[in-house]
Amino acid sequence: MLKRAERVRMYSISLEDARVRELISWYIRTLQKAIDTIWDNITWKYDIKNYKRRRHAKVKVPVIPKSSKFKRELRNELMKDNPYARHWVDAVIRTAYSIMDSWRKRYVKGKAKKCKPRVKRRFARCKVTLMKVDYGRKVIRITLRPYEYLEVSYANAWFSSRIKGYKVGEVILKDDKVLIPFKREEFYTVEDAIGWDCNELELTGFSPKIGFIHVDLRPLISARIVYQEKRRKAQEIDSKKLKSGKKLLEKYSHRERNKCRDIERKITIQLTRLFPNTMHGFERLNKENMIRRDKNKYKKLRKRAARVSWRNIVREIKQRAIVKEVNPKDTTKTCSRCGFKVKDLRGQVFRCPRCGLVIDRQKNASINIYLRMRGFPHSYEWWERFVKPLLNHELWVGVALRGRMPMIWSPMKGGLKAVKPKGLVDQRLLLPMKVYQT
Ligand SMILES: [Zn+2]
(Lines give C-alpha, C1' and ligand atoms only; values in the text may rest on other atoms or scores of the structure.)
Protein backbone atom coordinates (compact mmCIF):
# COMPACT_ATOMS: atom_id res chain seq x y z
CA MET A 1 0.00 0.00 0.00
CA LEU A 2 1.40 3.37 -1.03
CA LYS A 3 0.51 6.45 1.00
CA ARG A 4 1.16 10.08 0.26
CA ALA A 5 1.90 12.72 2.89
CA GLU A 6 3.00 16.32 2.81
CA ARG A 7 5.97 17.22 4.93
CA VAL A 8 6.52 20.74 6.17
CA ARG A 9 9.66 21.88 7.89
CA MET A 10 9.83 25.36 9.31
CA TYR A 11 13.15 27.14 9.62
CA SER A 12 14.07 30.73 10.30
CA ILE A 13 16.73 33.07 8.95
CA SER A 14 17.62 36.11 11.00
CA LEU A 15 17.16 39.32 9.15
CA GLU A 16 17.12 42.89 10.40
CA ASP A 17 15.91 45.44 7.92
CA ALA A 18 14.21 48.77 8.61
CA ARG A 19 12.06 48.25 5.50
CA VAL A 20 10.69 45.01 6.95
CA ARG A 21 9.74 46.74 10.20
CA GLU A 22 7.92 49.40 8.26
CA LEU A 23 6.14 46.82 6.15
CA ILE A 24 5.06 44.89 9.24
CA SER A 25 3.71 48.06 10.87
CA TRP A 26 1.65 48.79 7.78
CA TYR A 27 0.64 45.13 7.46
CA ILE A 28 -0.78 44.71 10.95
CA ARG A 29 -2.46 48.11 10.84
CA THR A 30 -4.14 47.21 7.56
CA LEU A 31 -4.93 43.72 8.80
CA GLN A 32 -6.75 45.15 11.81
CA LYS A 33 -8.63 47.49 9.51
CA ALA A 34 -9.69 44.58 7.33
CA ILE A 35 -10.82 42.61 10.39
CA ASP A 36 -12.77 45.66 11.63
CA THR A 37 -14.56 45.98 8.30
CA ILE A 38 -15.40 42.28 8.11
CA TRP A 39 -16.57 42.36 11.74
CA ASP A 40 -18.89 45.31 11.10
CA ASN A 41 -20.48 43.47 8.21
CA ILE A 42 -21.14 40.19 9.98
CA THR A 43 -24.78 39.16 9.98
CA TRP A 44 -26.24 36.98 12.71
CA LYS A 45 -28.58 34.21 11.77
CA TYR A 46 -30.29 31.33 13.48
CA ASP A 47 -28.52 28.09 12.81
CA ILE A 48 -31.51 26.03 11.75
CA LYS A 49 -29.57 22.93 10.78
CA ASN A 50 -27.85 22.65 14.12
CA TYR A 51 -30.97 23.62 15.98
CA LYS A 52 -32.81 20.62 14.63
CA ARG A 53 -29.95 18.22 14.99
CA ARG A 54 -28.63 19.09 18.41
CA ARG A 55 -31.85 20.42 19.88
CA HIS A 56 -30.21 23.06 21.98
CA ALA A 57 -31.61 26.53 22.59
CA LYS A 58 -31.92 28.81 19.62
CA VAL A 59 -28.58 30.49 19.09
CA LYS A 60 -27.57 32.97 16.48
CA VAL A 61 -24.37 32.24 14.63
CA PRO A 62 -22.21 34.75 12.77
CA VAL A 63 -22.15 34.75 8.98
CA ILE A 64 -18.94 36.25 7.65
CA PRO A 65 -19.45 38.38 4.50
CA LYS A 66 -17.81 36.66 1.56
CA SER A 67 -19.48 37.99 -1.56
CA SER A 68 -17.17 39.11 -4.32
CA LYS A 69 -18.76 42.55 -4.19
CA PHE A 70 -17.86 42.91 -0.52
CA LYS A 71 -14.37 41.65 -1.12
CA ARG A 72 -13.84 44.03 -4.00
CA GLU A 73 -14.99 46.99 -1.92
CA LEU A 74 -12.77 45.95 0.95
CA ARG A 75 -9.83 45.66 -1.40
CA ASN A 76 -10.48 49.09 -2.91
CA GLU A 77 -10.74 50.61 0.53
CA LEU A 78 -7.46 49.10 1.73
CA MET A 79 -5.74 50.00 -1.52
CA LYS A 80 -6.16 53.70 -0.72
CA ASP A 81 -3.48 53.56 1.90
CA ASN A 82 -1.06 51.14 0.30
CA PRO A 83 2.49 52.16 -0.48
CA TYR A 84 3.42 48.54 -1.28
CA ALA A 85 2.87 46.13 -4.13
CA ARG A 86 -0.80 45.33 -4.73
CA HIS A 87 -0.47 41.71 -3.78
CA TRP A 88 0.33 42.75 -0.22
CA VAL A 89 -3.26 43.94 0.15
CA ASP A 90 -4.45 40.55 -1.08
CA ALA A 91 -2.15 38.90 1.43
CA VAL A 92 -3.69 41.05 4.19
CA ILE A 93 -7.24 40.19 3.12
CA ARG A 94 -6.52 36.51 3.05
CA THR A 95 -4.95 36.60 6.51
CA ALA A 96 -7.92 38.60 7.81
CA TYR A 97 -10.32 35.96 6.51
CA SER A 98 -8.35 33.12 7.99
CA ILE A 99 -8.35 34.88 11.38
CA MET A 100 -12.09 35.51 11.15
CA ASP A 101 -12.87 31.99 10.02
CA SER A 102 -10.95 30.46 12.88
CA TRP A 103 -12.61 32.84 15.33
CA ARG A 104 -16.02 31.82 13.94
CA LYS A 105 -15.20 28.14 14.28
CA ARG A 106 -14.15 28.59 17.90
CA TYR A 107 -17.13 30.83 18.65
CA VAL A 108 -19.64 28.31 17.33
CA LYS A 109 -18.02 25.64 19.46
CA GLY A 110 -18.27 27.91 22.48
CA LYS A 111 -14.52 28.32 22.79
CA ALA A 112 -14.27 32.00 21.84
CA LYS A 113 -16.09 35.07 23.08
CA LYS A 114 -18.21 37.37 21.03
CA CYS A 115 -15.51 39.95 20.66
CA LYS A 116 -13.53 41.17 17.71
CA PRO A 117 -10.16 39.52 17.14
CA ARG A 118 -7.23 41.84 17.73
CA VAL A 119 -3.89 41.58 15.99
CA LYS A 120 -1.32 41.44 18.72
CA ARG A 121 1.75 39.90 17.15
CA ARG A 122 3.95 41.71 14.70
CA PHE A 123 4.21 39.68 11.50
CA ALA A 124 3.53 39.82 7.78
CA ARG A 125 2.46 36.74 5.89
CA CYS A 126 3.63 36.73 2.30
CA LYS A 127 1.89 35.38 -0.79
CA VAL A 128 3.32 33.12 -3.47
CA THR A 129 2.76 35.86 -6.02
CA LEU A 130 5.09 38.12 -4.06
CA MET A 131 7.92 35.63 -3.99
CA LYS A 132 10.39 34.28 -6.45
CA VAL A 133 12.66 31.46 -5.38
CA ASP A 134 16.00 30.78 -7.00
CA TYR A 135 16.62 27.19 -5.96
CA GLY A 136 20.09 27.17 -7.49
CA ARG A 137 21.38 30.12 -5.49
CA LYS A 138 19.01 29.38 -2.60
CA VAL A 139 17.68 32.89 -2.55
CA ILE A 140 14.11 34.04 -1.98
CA ARG A 141 13.25 37.35 -3.57
CA ILE A 142 10.29 39.11 -1.98
CA THR A 143 8.61 42.03 -3.72
CA LEU A 144 8.06 45.01 -1.46
CA ARG A 145 7.11 47.65 -3.98
CA PRO A 146 7.19 47.37 -7.76
CA TYR A 147 10.89 46.97 -8.63
CA GLU A 148 11.93 47.01 -4.99
CA TYR A 149 12.91 43.66 -3.59
CA LEU A 150 14.09 42.01 -0.43
CA GLU A 151 16.46 39.12 -0.83
CA VAL A 152 16.64 36.34 1.72
CA SER A 153 19.37 33.78 1.28
CA TYR A 154 19.37 30.38 2.93
CA ALA A 155 22.46 29.19 1.11
CA ASN A 156 24.69 28.86 4.16
CA ALA A 157 21.99 28.00 6.65
CA TRP A 158 22.62 25.16 9.08
CA PHE A 159 19.51 23.35 7.84
CA SER A 160 20.61 23.28 4.17
CA SER A 161 21.13 19.54 4.16
CA ARG A 162 17.69 18.91 5.67
CA ILE A 163 15.66 20.55 2.95
CA LYS A 164 17.00 18.87 -0.16
CA GLY A 165 14.17 18.41 -2.64
CA TYR A 166 11.85 20.68 -0.66
CA LYS A 167 9.93 23.60 -2.13
CA VAL A 168 9.62 26.95 -0.40
CA GLY A 169 6.15 27.81 0.87
CA GLU A 170 4.78 31.18 1.90
CA VAL A 171 7.22 32.96 4.17
CA ILE A 172 6.32 34.94 7.27
CA LEU A 173 8.25 38.12 7.98
CA LYS A 174 9.02 39.05 11.55
CA ASP A 175 10.89 42.03 12.96
CA ASP A 176 14.14 40.16 13.32
CA LYS A 177 13.71 37.04 11.21
CA VAL A 178 12.04 35.34 8.30
CA LEU A 179 10.18 32.08 8.85
CA ILE A 180 10.38 29.81 5.84
CA PRO A 181 8.21 26.70 5.46
CA PHE A 182 9.82 24.05 3.28
CA LYS A 183 7.41 21.57 1.77
CA ARG A 184 7.74 18.23 0.12
CA GLU A 185 5.44 15.45 -0.95
CA GLU A 186 6.53 12.10 0.33
CA PHE A 187 5.40 8.60 -0.47
CA TYR A 188 5.48 5.76 1.97
CA THR A 189 5.00 2.09 1.47
CA VAL A 190 2.92 0.79 4.30
CA GLU A 191 3.47 -2.83 5.18
CA ASP A 192 2.45 -2.92 8.79
CA ALA A 193 0.12 -1.11 11.15
CA ILE A 194 0.38 -0.51 14.89
CA GLY A 195 -2.44 0.68 17.09
CA TRP A 196 -1.12 2.76 20.01
CA ASP A 197 -2.81 3.34 23.32
CA CYS A 198 -1.39 6.33 25.19
CA ASN A 199 -1.22 6.03 28.94
CA GLU A 200 0.81 7.74 31.59
CA LEU A 201 3.54 5.18 31.92
CA GLU A 202 3.96 4.05 28.36
CA LEU A 203 2.71 3.82 24.85
CA THR A 204 1.21 0.39 24.37
CA GLY A 205 1.13 -0.80 20.81
CA PHE A 206 -0.40 -3.78 19.07
CA SER A 207 0.44 -5.16 15.69
CA PRO A 208 -0.45 -8.64 14.39
CA LYS A 209 3.07 -8.89 12.98
CA ILE A 210 4.94 -8.07 16.18
CA GLY A 211 2.64 -8.50 19.13
CA PHE A 212 2.58 -5.99 21.95
CA ILE A 213 5.02 -3.11 22.18
CA HIS A 214 5.66 -1.16 25.34
CA VAL A 215 7.42 2.17 25.02
CA ASP A 216 8.51 3.54 28.35
CA LEU A 217 7.45 7.14 28.88
CA ARG A 218 8.36 7.55 32.53
CA PRO A 219 11.48 9.70 32.10
CA LEU A 220 9.52 12.04 29.88
CA ILE A 221 6.52 12.38 32.13
CA SER A 222 8.63 12.92 35.21
CA ALA A 223 10.66 15.60 33.42
CA ARG A 224 7.42 17.35 32.57
CA ILE A 225 6.12 17.13 36.12
CA VAL A 226 9.33 18.57 37.52
CA TYR A 227 9.02 21.59 35.26
CA GLN A 228 5.31 22.00 35.84
CA GLU A 229 5.96 22.08 39.55
CA LYS A 230 8.70 24.67 39.08
CA ARG A 231 6.46 26.71 36.86
CA ARG A 232 3.68 26.64 39.37
CA LYS A 233 6.02 28.05 42.02
CA ALA A 234 7.25 30.73 39.66
CA GLN A 235 3.64 31.61 38.95
CA GLU A 236 3.03 32.08 42.66
CA ILE A 237 5.91 34.54 42.82
CA ASP A 238 4.50 36.26 39.78
CA SER A 239 1.07 36.64 41.32
CA LYS A 240 2.69 38.40 44.27
CA LYS A 241 3.87 40.91 41.68
CA LEU A 242 7.52 40.29 42.03
CA LYS A 243 9.44 41.07 38.93
CA SER A 244 11.58 37.98 39.05
CA GLY A 245 8.57 35.67 38.83
CA LYS A 246 7.75 36.32 35.24
CA LYS A 247 11.32 35.91 34.10
CA LEU A 248 11.66 32.71 36.05
CA LEU A 249 8.45 31.45 34.52
CA GLU A 250 9.69 32.17 31.04
CA LYS A 251 12.96 30.46 31.76
CA TYR A 252 11.27 27.30 33.01
CA SER A 253 8.74 27.21 30.18
CA HIS A 254 11.55 27.48 27.72
CA ARG A 255 13.62 24.82 29.38
CA GLU A 256 10.73 22.46 29.75
CA ARG A 257 9.85 22.80 26.13
CA ASN A 258 13.39 22.22 24.95
CA LYS A 259 14.17 19.35 27.24
CA CYS A 260 10.90 17.51 26.70
CA ARG A 261 10.76 18.19 23.02
CA ASP A 262 14.18 16.66 22.74
CA ILE A 263 13.06 13.46 24.45
CA GLU A 264 9.83 13.33 22.45
CA ARG A 265 11.74 13.71 19.24
CA LYS A 266 14.12 10.95 20.24
CA ILE A 267 11.26 8.60 21.03
CA THR A 268 9.76 9.36 17.66
CA ILE A 269 12.94 8.95 15.65
CA GLN A 270 13.74 5.70 17.38
CA LEU A 271 10.23 4.35 16.89
CA THR A 272 10.08 5.21 13.22
CA ARG A 273 13.46 3.55 12.74
CA LEU A 274 12.47 0.50 14.68
CA PHE A 275 9.21 0.14 12.77
CA PRO A 276 9.79 1.29 9.20
CA ASN A 277 6.99 1.26 6.62
CA THR A 278 4.43 1.33 9.37
CA MET A 279 1.18 3.17 9.74
CA HIS A 280 0.63 4.35 13.31
CA GLY A 281 -2.85 4.58 14.78
CA PHE A 282 -3.58 6.96 17.66
CA GLU A 283 -6.65 8.18 19.41
CA ARG A 284 -7.72 11.65 18.46
CA LEU A 285 -7.10 13.60 21.63
CA ASN A 286 -10.15 15.33 22.98
CA LYS A 287 -10.30 14.04 26.47
CA GLU A 288 -10.12 17.37 28.32
CA ASN A 289 -13.25 16.57 30.26
CA MET A 290 -11.91 13.29 31.47
CA ILE A 291 -8.95 15.04 33.06
CA ARG A 292 -10.98 17.74 34.72
CA ARG A 293 -13.05 15.17 36.51
CA ASP A 294 -10.11 13.83 38.46
CA LYS A 295 -10.11 15.09 42.03
CA ASN A 296 -6.65 13.92 42.97
CA LYS A 297 -4.39 16.88 42.36
CA TYR A 298 -1.24 14.91 41.66
CA LYS A 299 -3.03 12.55 39.32
CA LYS A 300 -4.46 15.48 37.44
CA LEU A 301 -1.02 17.01 37.08
CA ARG A 302 0.38 13.75 35.83
CA LYS A 303 -2.39 13.27 33.32
CA ARG A 304 -2.00 16.77 32.01
CA ALA A 305 1.74 16.28 31.64
CA ALA A 306 1.18 13.03 29.78
CA ARG A 307 -1.37 14.60 27.47
CA VAL A 308 1.03 17.29 26.32
CA SER A 309 3.60 14.65 25.56
CA TRP A 310 1.24 12.37 23.64
CA ARG A 311 0.16 15.25 21.49
CA ASN A 312 3.75 16.18 20.75
CA ILE A 313 4.75 12.61 20.00
CA VAL A 314 1.86 12.17 17.58
CA ARG A 315 2.79 15.42 15.91
CA GLU A 316 6.40 14.33 15.58
CA ILE A 317 5.46 10.93 14.18
CA LYS A 318 3.22 12.65 11.66
CA GLN A 319 6.35 14.34 10.39
CA ARG A 320 8.06 11.03 9.75
CA ALA A 321 5.46 8.42 9.01
CA ILE A 322 1.81 7.87 8.21
CA VAL A 323 -0.49 8.46 11.16
CA LYS A 324 -4.14 7.60 11.34
CA GLU A 325 -6.16 9.18 14.11
CA VAL A 326 -9.23 7.32 15.28
CA ASN A 327 -12.28 8.16 17.35
CA PRO A 328 -11.29 7.64 21.01
CA LYS A 329 -14.80 6.79 22.17
CA ASP A 330 -14.92 3.69 24.40
CA THR A 331 -11.60 2.26 23.23
CA THR A 332 -10.79 1.25 26.81
CA LYS A 333 -14.29 0.11 27.70
CA THR A 334 -14.90 -2.17 24.75
CA CYS A 335 -13.95 -5.81 24.72
CA SER A 336 -11.45 -6.30 21.92
CA ARG A 337 -12.71 -9.83 21.26
CA CYS A 338 -16.51 -9.59 21.23
CA GLY A 339 -17.11 -5.84 21.20
CA PHE A 340 -19.09 -5.73 24.46
CA LYS A 341 -19.03 -2.38 26.28
CA VAL A 342 -18.23 -2.64 29.97
CA LYS A 343 -19.93 0.02 32.06
CA ASP A 344 -17.74 0.32 35.09
CA LEU A 345 -14.14 -0.33 34.28
CA ARG A 346 -11.80 -0.45 37.22
CA GLY A 347 -8.20 -1.37 37.71
CA GLN A 348 -5.52 -2.56 35.37
CA VAL A 349 -7.28 -5.67 34.16
CA PHE A 350 -10.12 -5.74 31.67
CA ARG A 351 -12.74 -8.44 32.26
CA CYS A 352 -15.46 -9.06 29.74
CA PRO A 353 -18.71 -10.29 31.29
CA ARG A 354 -19.96 -11.55 27.93
CA CYS A 355 -17.14 -13.61 26.45
CA GLY A 356 -15.03 -13.95 29.58
CA LEU A 357 -11.91 -12.33 28.18
CA VAL A 358 -9.38 -11.28 30.80
CA ILE A 359 -6.65 -9.04 29.45
CA ASP A 360 -4.49 -6.12 30.49
CA ARG A 361 -6.47 -2.93 30.12
CA GLN A 362 -3.93 -1.15 27.93
CA LYS A 363 -3.40 -4.13 25.69
CA ASN A 364 -7.14 -4.33 25.18
CA ALA A 365 -7.28 -0.65 24.23
CA SER A 366 -4.42 -0.97 21.77
CA ILE A 367 -6.16 -3.86 19.99
CA ASN A 368 -9.32 -1.76 19.78
CA ILE A 369 -7.38 1.13 18.32
CA TYR A 370 -5.78 -1.22 15.81
CA LEU A 371 -9.20 -2.53 14.76
CA ARG A 372 -10.55 0.96 14.43
CA MET A 373 -7.65 2.21 12.32
CA ARG A 374 -7.98 -0.74 9.96
CA GLY A 375 -11.76 -0.46 9.89
CA PHE A 376 -12.19 -4.04 11.12
CA PRO A 377 -15.22 -5.06 13.15
CA HIS A 378 -14.87 -7.00 16.39
CA SER A 379 -14.67 -10.67 15.64
CA TYR A 380 -14.13 -13.66 17.86
CA GLU A 381 -12.45 -15.59 15.04
CA TRP A 382 -10.06 -12.78 14.14
CA TRP A 383 -9.09 -12.37 17.77
CA GLU A 384 -8.47 -16.06 18.34
CA ARG A 385 -6.42 -16.28 15.15
CA PHE A 386 -4.33 -13.11 15.32
CA VAL A 387 -4.23 -11.93 18.92
CA LYS A 388 -4.28 -15.09 21.00
CA PRO A 389 -0.98 -16.52 19.73
CA LEU A 390 0.68 -13.15 20.37
CA LEU A 391 -0.48 -12.58 23.92
CA ASN A 392 2.97 -13.21 25.30
CA HIS A 393 4.89 -11.56 22.51
CA GLU A 394 6.10 -8.40 24.12
CA LEU A 395 8.67 -5.93 22.99
CA TRP A 396 9.99 -3.53 25.58
CA VAL A 397 11.32 -0.33 24.22
CA GLY A 398 13.20 2.33 26.12
CA VAL A 399 14.48 5.65 24.93
CA ALA A 400 18.17 6.14 24.36
CA LEU A 401 18.70 9.68 25.54
CA ARG A 402 22.13 9.82 24.01
CA GLY A 403 22.44 9.11 20.35
CA ARG A 404 19.77 8.51 17.81
CA MET A 405 19.89 4.74 17.52
CA PRO A 406 16.87 2.64 18.29
CA MET A 407 16.97 0.69 21.48
CA ILE A 408 15.31 -2.47 22.55
CA TRP A 409 16.40 -3.40 25.98
CA SER A 410 14.53 -6.53 26.55
CA PRO A 411 14.44 -9.55 24.30
CA MET A 412 11.27 -10.55 22.67
CA LYS A 413 9.85 -13.97 22.20
CA GLY A 414 8.81 -13.45 18.64
CA GLY A 415 10.61 -13.54 15.32
CA LEU A 416 12.45 -10.26 15.70
CA LYS A 417 15.95 -10.16 17.03
CA ALA A 418 16.71 -8.08 20.04
CA VAL A 419 19.22 -5.30 19.64
CA LYS A 420 21.53 -4.66 22.53
CA PRO A 421 23.09 -1.25 22.11
CA LYS A 422 25.76 -1.00 24.75
CA GLY A 423 26.17 2.33 26.44
CA LEU A 424 23.30 3.83 24.53
CA VAL A 425 20.63 3.07 27.03
CA ASP A 426 20.03 5.38 29.91
CA GLN A 427 20.42 3.39 33.10
CA ARG A 428 17.23 4.83 34.55
CA LEU A 429 15.28 3.08 31.88
CA LEU A 430 16.58 -0.29 32.93
CA LEU A 431 14.55 -0.31 36.11
CA PRO A 432 12.37 -3.37 36.12
CA MET A 433 8.99 -2.59 34.71
CA LYS A 434 5.79 -4.03 35.93
CA VAL A 435 5.09 -7.28 34.15
CA TYR A 436 1.47 -7.73 33.35
CA GLN A 437 -0.20 -11.01 34.05
CA THR A 438 -3.30 -11.92 32.24
ZN1 LIG B 1 -15.86 -9.92 25.26
Side-chain angles (χ1 to χ4, degrees), residues 6 8-42 64-105 116-155 157 163 166-185:
E6 191 184 51
V8 182
R9 294 184 163 186
M10 199 74 144
Y11 293 107
S12 73
I13 294 274
S14 48
L15 177 88
E16 298 251 12
D17 193 316
R19 291 178 301 169
V20 173
R21 282 176 181 275
E22 262 172 53
L23 171 75
I24 292 175
S25 298
W26 167 84
Y27 188 95
I28 56 170
R29 202 174 59 232
T30 316
L31 179 60
Q32 189 62 57
K33 213 163 139 189
I35 291 173
D36 292 353
T37 313
I38 297 172
W39 180 266
D40 292 340
N41 285 283
I42 283 179
I64 292 169
K66 285 190 174 171
S67 71
S68 49
K69 184 174 170 268
F70 175 80
K71 282 184 182 170
R72 197 167 53 236
E73 279 168 10
L74 176 65
R75 187 173 187 268
N76 290 342
E77 185 58 35
L78 299 178
M79 211 56 107
K80 284 179 190 164
D81 169 35
N82 174 29
Y84 296 100
R86 286 178 167 200
H87 284 294
W88 278 109
V89 166
D90 298 320
V92 164
I93 292 174
R94 208 180 46 180
T95 311
Y97 269 105
S98 80
I99 290 172
M100 290 306 294
D101 284 338
S102 74
W103 166 79
R104 186 189 180 276
K105 222 181 203 172
K116 187 163 67 185
R118 297 231 165 263
V119 184
K120 284 177 202 137
R121 287 194 193 128
R122 287 182 52 83
F123 73 99
R125 185 181 279 271
C126 205
K127 261 188 95 197
V128 176
T129 42
L130 288 162
M131 297 166 42
K132 197 162 187 184
V133 187
D134 184 337
Y135 287 100
R137 280 168 60 223
K138 294 186 178 170
V139 169
I140 305 166
R141 197 188 73 179
I142 300 161
T143 312
L144 296 176
R145 295 182 174 89
Y147 304 109
E148 187 188 336
Y149 306 105
L150 181 79
E151 289 212 327
V152 183
S153 165
Y154 59 94
I163 46 157
Y166 280 69
K167 292 265 177 237
V168 174
E170 290 176 341
V171 302
I172 296 166
L173 301 173
K174 293 258 198 182
D175 279 326
D176 54 350
K177 64 188 172 198
V178 184
L179 301 177
I180 315 172
F182 291 94
K183 293 179 179 175
R184 185 168 79 171
E185 241 185 17

| Which pairs pass salt bridge (charged side-chain N to carboxylate O under 4.0 Å, His left out) with one or both residues in residues 143-155, sequence neighbours excluded? | Arg19-Glu148, Arg137-Glu151, Arg145-Glu148

| task | Could you tell me whether a side-chain N or O of Trp39 sits under 3.5 Å from a main-chain N or O of Pro117, the two making a donor and an acceptor? | result | no

| message | To the closest 0.5 Å, what do you measure between OH (Tyr166) and CD (Glu185)? | response | 12.0 Å

| field | Test log, rule side-chain contact (heavy atoms from CB on, under 4.5 Å), inputs Met131 and Val152 | value | CA-CA 10 Å; Met131 297 166 42; Val152 183; over 6 Å; no

| message | Students often mix this up, so state it plainly: with edges at 30° and 60°, are the rings of Trp26 and Tyr84 parallel, tilted or perpendicular? | response | tilted

| said: Show, in sequence, the C-alpha distance, side-chain angles and deciding distance for Trp88 and Val92, and conclude whether the side-chain contact (heavy atoms from CB on, under 4.5 Å) test is met. | reply: CA-CA 6 Å; Trp88 278 109; Val92 164; 5.6 Å; no

| Nearest 0.5 Å, what's the CD1-CG distance between Ile142 and Leu130? | 8.5 Å

| Which heavy atom of Val139 sits nearest a heavy atom of Tyr154, and at what distance? | N-CE2, 4.2 Å

| query | Rounded to the nearest 0.5 Å, what separation is found between the CE atom of Met100 and the CD1 atom of Ile42? | reply | 3.5 Å

| remark: The reported gap from CD1 in Ile99 to CG in Leu31 (rounded to nearest 0.5 angstrom) is 4.5 Å

| Contact check, side chains of Lys116 and Trp103, non-hydrogen atoms, under 4.5 Å | no

| task | Using a 4.5 Å cut-off on heavy atoms from C-beta on, say whether the side chain of Ser67 contacts that of Arg72. | result | no

| query | Would you say Tyr27 and Leu173 make side-chain contact, with heavy atoms under 4.5 Å? | reply | no

| message | The test is side-chain contact (heavy atoms from CB on, under 4.5 Å); show your working for Leu150 and Val178 and say whether it passes. | response | CA-CA 11 Å; Leu150 181 79; Val178 184; 5.6 Å; no

| request: Measure across Asp81 and Pro83 and return the closest heavy-atom pair with its distance rounded to 0.1 Å. | output: O-CD, 3.8 Å

| Would you call Arg86 and Arg75 a side-chain contact if the rule is heavy atoms closer than 4.5 Å? | yes

| task | Would you mind reporting whether Ile38 and Ile64 have side-chain heavy atoms less than 4.5 Å apart? | result | yes

| query | Crowded around Arg104 CZ? As in, over 12 foreign heavy atoms under 6.0 Å? | reply | yes

| said: Please report the interatomic distance CG(Asp90) to NZ(Lys127), rounded to the nearest 0.5 Å. | reply: 4.5 Å

| request: For residues Ala85 and Pro146, report the shortest heavy-atom separation together with the two atoms involved. | output: CA-CD, 4.2 Å

| task | Mind checking side-chain contact (heavy atoms from CB on, under 4.5 Å) for Lys177 and listing every partner two or more places apart, or none if nothing turns up? | result | Ser12, Lys174, Leu179

| task | Taking the side chain as every heavy atom from C-beta outward, state whether Thr30 and Val89 have any pair of such atoms under 4.5 Å apart. | result | no

| field | Any residue meeting ring-ring contact (aromatic ring centres under 6.0 Å, His included) with Tyr11, in chain and number order, not counting sequence neighbours | value | Trp158, Phe159

| At what distance, to the nearest 0.5 angstrom, does CG of Asp175 lie from OG of Ser25? | 7.0 Å

| query | Below 4.5 Å, heavy atoms only, C-beta onward: do Lys33 and Leu78 meet side chain to side chain? | reply | yes

| message | Taking atom OH as the centre, does Tyr147 end up with more than 12 heavy-atom neighbours from other residues, nucleotides or ligands that are less than 6.0 angstrom away? | response | no

| Taking all non-hydrogen atoms of both residues, which atom of Pro181 and which atom of Val171 are closest, and how far apart? | CD-CA, 4.0 Å

| Gln32 vs Ile28, side-chain contact (heavy atoms from CB on, under 4.5 Å): CA-CA, chis, key distance, verdict | CA-CA 6 Å; Gln32 189 62 57; Ile28 56 170; over 6 Å; no

| Is the charged tip of Lys132 near the ring of Tyr149: under 6.0 Å from the six-membered ring centre and within 45° of its axis? | no

| task | For residues Phe182 and Val168, determine if any side-chain heavy atom of one lies less than 4.5 Å from a side-chain heavy atom of the other. | result | yes

